[in-house]
Amino acid sequence: MSASEHDKAARLAAIRAQNAAKKAQSAEPVSPAPQDKAARLAAIRAQNAAQKNQLAGANQVMATLPLGTTQPVATPAPVAKPSPSVPSPSTEEMLEDVSANLMSLLLALIIGIVAAVLVLPRWIPGLSSSLLGEQPKAFWYLSRSSGLVAYSLVWLSMLFGLSLTGKVARLWNGGPTMLDLHQHASMLGIGFGLFHTVILLGDGYSNYTLKQLLVPFASSQYKPLWVGLGQVGLYGLAIVSVSFWLKRWIGRSAWRIIHYASFGLFLLVLAHGIFSGSDTSMPLVTLWYWVTGASGVFMTLYRVLIMRRKPLPVVAATPRA
C-alpha cells in the first residue's frame, strides 16, 4: 500500500471514530436529578388516588339513587344516635313514692296538731283555755286560717300548671321546676284542706260530726249548699293530685280530662270560700278572692289562646304503591 493510500485510510478511520462518538453521545439520555424525579412521581400518585376516590364516591351515590334519577342528590347528614332512654319507674317504685308523700302529709298533720295542743299553749298566754276550756275557740280559728292557706295553695298550683307550656316557665329554671312546684303546691293544698275540715271536730260550738265533715251535703246547721260544694271541690282536687302518679295506667287522654276538670273544681272552692267563709266580710280577704279569681280566669284564657295559636302537626303523605 502506498503512502497516500495509507493516509487516506487513517483519515477515514478517524472520521468513523468521531462519528461513532457523536452518535453515542447523542443517544445517551440525560437523567434528571433523583430528588426531582421522586417528587414528580409522588405528585402523580397523589393525583391518581384523589381521582379514584372521587370516582368511587360518585359511583356509591349513584348506586343509592332510585331508578330513573339522573342527577345525584346531596347525601344526608349523619343522624346523631339517640341517647339511651331512662328506664321508667316500676309499679313498686311509684307506689312507694305515693305512699311516701302521703306519709309525709300525715306526719305533718300529726305534728301540727300536737304543736297546737301541747306546745303553743305554753308559749302564748290564754291559748290553753282557748283550746281546752269550756268553750274552745282555737279549733275554729285554726279551721278558718288553714282554709285560707289551702285555697291559696290550690290557686298557686293552678297558676303553675297553666304556666308550664307558656313563656312564663322559661323565665327562671324552666319547666321541670314549674312542674315540681305545681305538684307540691297541689299536695300541700289538699293537706291543708283536710286539716281545715277535720280540725272542726274539736270545736264545741259548731258540733260537727265526722260524717258531716266527710260526706258532702250531709251537714244542715251552716250553709249546707256552699259547704257541700267545698267538700266536692276538695275530693275532686285530691283525685287530680293523685292522677300525677296514675298517668301511666289511665292513659294520657283520661289524664287530660281529669286535669281539665280542675278549672271547675277551683271555682267550687272559690265559691265555698266566698259564700260560706266567715272572713269574707274582711276587706283584705275580699280583695284576695278578687285577685286570685281574676288571675285564674286570665291565665286560663291565656292558655286557651296559646294552644289555639299553635300550628297543627303536618303529617307527610305516604306515596301510593
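L284 and V291 fall into different hydrophobic clusters, defined by Ile, Leu, Val, Met, Phe, Trp and Tyr side-chain heavy atoms under 4.5 Å apart, directly or through other members. At a threshold of 4.5 Å between side-chain heavy atoms, the hydrophobic network of Ile, Leu, Val, Met, Phe, Trp and Tyr places L156 and F298 in one connected group. A continuous path of Ile, Leu, Val, Met, Phe, Trp and Tyr side chains, each step under 4.5 Å between heavy atoms, connects V198 with L210, placing both in one hydrophobic cluster. When hydrophobic clusters are built by joining Ile, Leu, Val, Met, Phe, Trp and Tyr residues whose side-chain heavy atoms come closer than 4.5 Å, directly or via intermediates, L301 is not grouped with Y260.
Checked by atom type and distance alone, the side chain of S143 never pairs as donor or acceptor with a backbone atom of F139 at under 3.5 Å. When atom types are taken as modelled, the side chain of Q231 and the backbone of Q212 share a donor-acceptor pair closer than 3.5 angstrom. Between the T280 side chain and the G273 main chain, a donor and an acceptor come within less than 3.5 Å of each other.
W155 is not listed as a side-chain neighbour of L270, based on a closest heavy-atom distance of 4.5 Å or more. Looking only at side-chain heavy atoms (C-beta outward), Y289 and L148 come within less than 4.5 Å of each other. Two residues are said to be in side-chain contact when any heavy atoms from C-beta on lie closer than 4.5 Å; L162 and F263 meet this criterion. When side chains are defined from C-beta on, L234 counts as touching L194, because their heavy atoms get closer than 4.5 Å. Contact of the V232 side chain with the F217 side chain is registered, since non-hydrogen atoms from C-beta on lie closer than 4.5 Å. Taking the side chain as every heavy atom from C-beta outward, W249 and W255 never approach each other to under 4.5 Å. In this structure, the side chains of Y151 and T292 come closer than 4.5 Å at one or more pairs of heavy atoms.
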(request) Test side chain to side chain contact (heavy atoms under 4.5 Å, CB included) on S186 and F160 and set out the steps. (result) CA-CA 10 Å; S186 176; F160 289 141; over 6 Å; no

(message) If you apply the rule side chain to side chain contact (heavy atoms under 4.5 Å, CB included), what do you find for I258 with L246, and how did you get there?
(response) CA-CA 11 Å; I258 293 174; L246 300 179; over 6 Å; no

(message) Let's go through T209 and K211 carefully: what are the C-alpha distance in whole Å and the side-chain angles of both, what is the deciding distance for side chain to side chain contact (heavy atoms under 4.5 Å, CB included) to 0.1 Å, and is it a yes or a no?
(response) CA-CA 5 Å; T209 63; K211 178 182 178 181; 4.2 Å; yes

(request) Determine, step by step, whether R144 and S278 satisfy the side chain to side chain contact (heavy atoms under 4.5 Å, CB included) criterion, reporting the C-alpha distance in whole Å, the side-chain angles of both residues, the deciding distance to 0.1 Å, and the verdict. (result) CA-CA 8 Å; R144 290 164 57 186; S278 58; 3.2 Å; yes

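Using cut-offs of 30° and 60° on the angle between ring planes, the pair Y222 and W140 is perpendicular.
Residues that satisfy the ring pair (Phe, Tyr, Trp, His ring centres under 6.0 Å) test with Y208, not counting sequence neighbours, are absent from this structure.
Shortest non-hydrogen contact noted between I190 and S241 is CG1-OG, 3.8 Å. For the residue pair V240 and L265, the shortest heavy atom distance occurs at CG2-CD1, 4.0 Å.
Tested against S157, the residues H184, M187, Q183, H182 include a single side-chain contact (heavy atoms from CB on, under 4.5 Å) partner, H182.
We find the CG-CG distance between L214 and L201 to be 8.0 Å, quoted to the nearest 0.5 Å. Here the CD1 atom belonging to I257 is positioned 12.0 Å from the OG atom belonging to S243, to the nearest 0.5 angstrom. Atoms CD1 and CH2, on I274 and W290 in that order, are 8.0 Å from each other to the nearest 0.5 Å.
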Scan the side chains in residues 223-230 for donor-acceptor partners under 3.5 Å anywhere in the protein, sequence neighbours excluded, and list what turns up.
| from | atom 1 | to | atom 2 | distance (Å) |
| --- | --- | --- | --- | --- |
| K223 | NZ | F275 | O | 2.9 |

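Ring centroids of F244 and H259 are separated by less than 6.0 Å, placing the two rings close together.
Atom CZ of F192 sits in a sparse spot, with 12 or fewer heavy atoms from other residues, nucleotides or ligands closer than 6.0 Å. Around CG of L287, the count of heavy atoms belonging to other residues, nucleotides or ligands within 6.0 Å exceeds 12.
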